[in-house]
Trainee: 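Structure incoming, see below.
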Amino acid sequence: MTAFDRTLKIAPSILSADFAAFGAEVRAIEAQGADWVHVDVMDGHFVPNITFGPQLVRAIRPHVKTVMDVHLMIAPVDPYIDAFADAGADILTAHVEAGPHIHRTLQAIRGTGMKAGVALNPGTPVEAVAPLLDDVDLVLVMTVNPGFGGQKFLHPMLDKIAALRAMIGDREIHVEVDGGVDAKTAPLVARAGADALVAGSAVFRGGSVKAASVYGENIAAIRAAAQT
Ligand code: DX5
Ligand code: ZN
């Protein structure tokens with residue numbers, strides 16, 4: 001990864017991609033302006049949906065030229081950290097709700113050389129990350145309940161993003177938001193202090209590997225809206 005910066009990053013979530021064509025989909029979104037590639041891992045236990053595990057992340061890795069941003073919606077996390085490191089994740093994000101020893105988890109993630117992220121479900125107060133700020137490179141604020149793409153943005157999360165941004169101050173920690181981000185909500189989260197915007201349905205809607213320019217238009221629309 002390149003040096004820390006707080007400029008706006010659009011991170012398409014491949015949860016909304018064609019699951020039979022991940023390599024081509026990743027190449028398409030990067031060619032169309034994606035800054036990071038957001039990879040959602042779900043276990044059917046921490047969230048009520050199952051996606052894929054480290055083997056698929058490893059298979060996608062050679063196609064990712066930017067940053068592979070892996071969001072774990074699994075519990076427990078610790079037994080799988082090495083597998084995701086070996087698979088080539090750049091950022092590995094675990095939920096604060098996923099286990100009783102989040103410090104240990106974050107230190108283990110950093111110990112492998114990956115950047116460590118911590119995610120907060122909508123029902124978790126921002127104060128939960130206050131004791132963790134020395135151990136994280138990214139805080140992910142969920143703006144929907146995790147598990148599925150295409151859900152409605154939860155507006156009360158805007159105050160949480162702003163409070164988190166204030167808490168972070170000058171620390172080199174990314175503020176990422178995930179869920180219901182589109183051209184309408186992007187300016188709200190950017191103004192509240194987010195620098196990494198995950199978007200699934202709003203990026204992939206209407207496009208395909210064969211009609212990849214639609215991805216480009218969708219990414220550009222989110223980016224332009226966020227910069228207003
Ligand atoms: C939700 C995932 C998201 C999801 C976002 O549990 O973590 O990354 O793909 O999808 P949209 O942008 O469609 O809300
Ligand atoms: Zn996600």
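Note that ligands are numbered from 1 as they come in the structure, with each ligand's atoms numbered from 1 the same way.
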Trainee: Is it possible for you to say whether V177 and V118 belong to one hydrophobic cluster, with membership spreading through side-chain heavy-atom contacts below 4.5 Å?
Mentor: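 Same cluster: V177 reaches V118 through Ile, Leu, Val, Met, Phe, Trp or Tyr contacts under 4.5 Å.
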Trainee: In terms of side-chain geometry, is the basic nitrogen of D69 or K9 positioned less than 4.0 Å from the acidic oxygen of its partner?
Mentor: no
Trainee: Are V39 and H71 packed together at the side-chain level, in the sense that at least one heavy-atom pair is separated by less than 4.5 angstrom?
Mentor: no
Trainee: Taking the side chain from D195 and the backbone from R6, do they hold a donor-acceptor pair closer than 3.5 Å?
Mentor: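 Answer holds: no.
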Trainee: Within the side chain of T143, is there an N or O that forms a donor-acceptor pair under 3.5 Å with the backbone of G179?
Mentor: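 Here the side-chain-to-backbone pair exists.
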Trainee: So for atom CD, which belongs to Q55, do other residues, nucleotides or ligands contribute more than 12 heavy atoms lying within a distance under 6.0 Å?
Mentor: no
Trainee: Inspect the contact between K152 and D182 and indicate whether a charged nitrogen and a carboxylate oxygen are less than 4.0 angstrom apart.
Mentor: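 Here D182 does not pair with K152 in a salt bridge, since their nearest N and O are not under 4.0 Å apart.
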Trainee: Near the Zn ion (ligand 2), which protein N/O/S atoms fall under 2.8 Å?
Mentor: H38 NE2, D40 OD1, H71 ND1, D178 OD2
Trainee: Applying a heavy-atom distance cut-off of 4.0 Å, which protein residues contact ligand 1?
Mentor: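 Within the 4.0 Å shell of ligand 1, which is judged on heavy atoms, sit S13, L15, H38, D40, M42, H71, M73, M142, P146, G147, F148, G149, G150, D178, G179, G180, V198, A199, G200, S201.
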Trainee: Okay, side chain of R27, backbone of A31: is any donor-acceptor separation there less than 3.5 Å?
Mentor: no
Trainee: Is the ring centre of F46 less than 6.0 Å from the ring centre of H95?
Mentor: yes
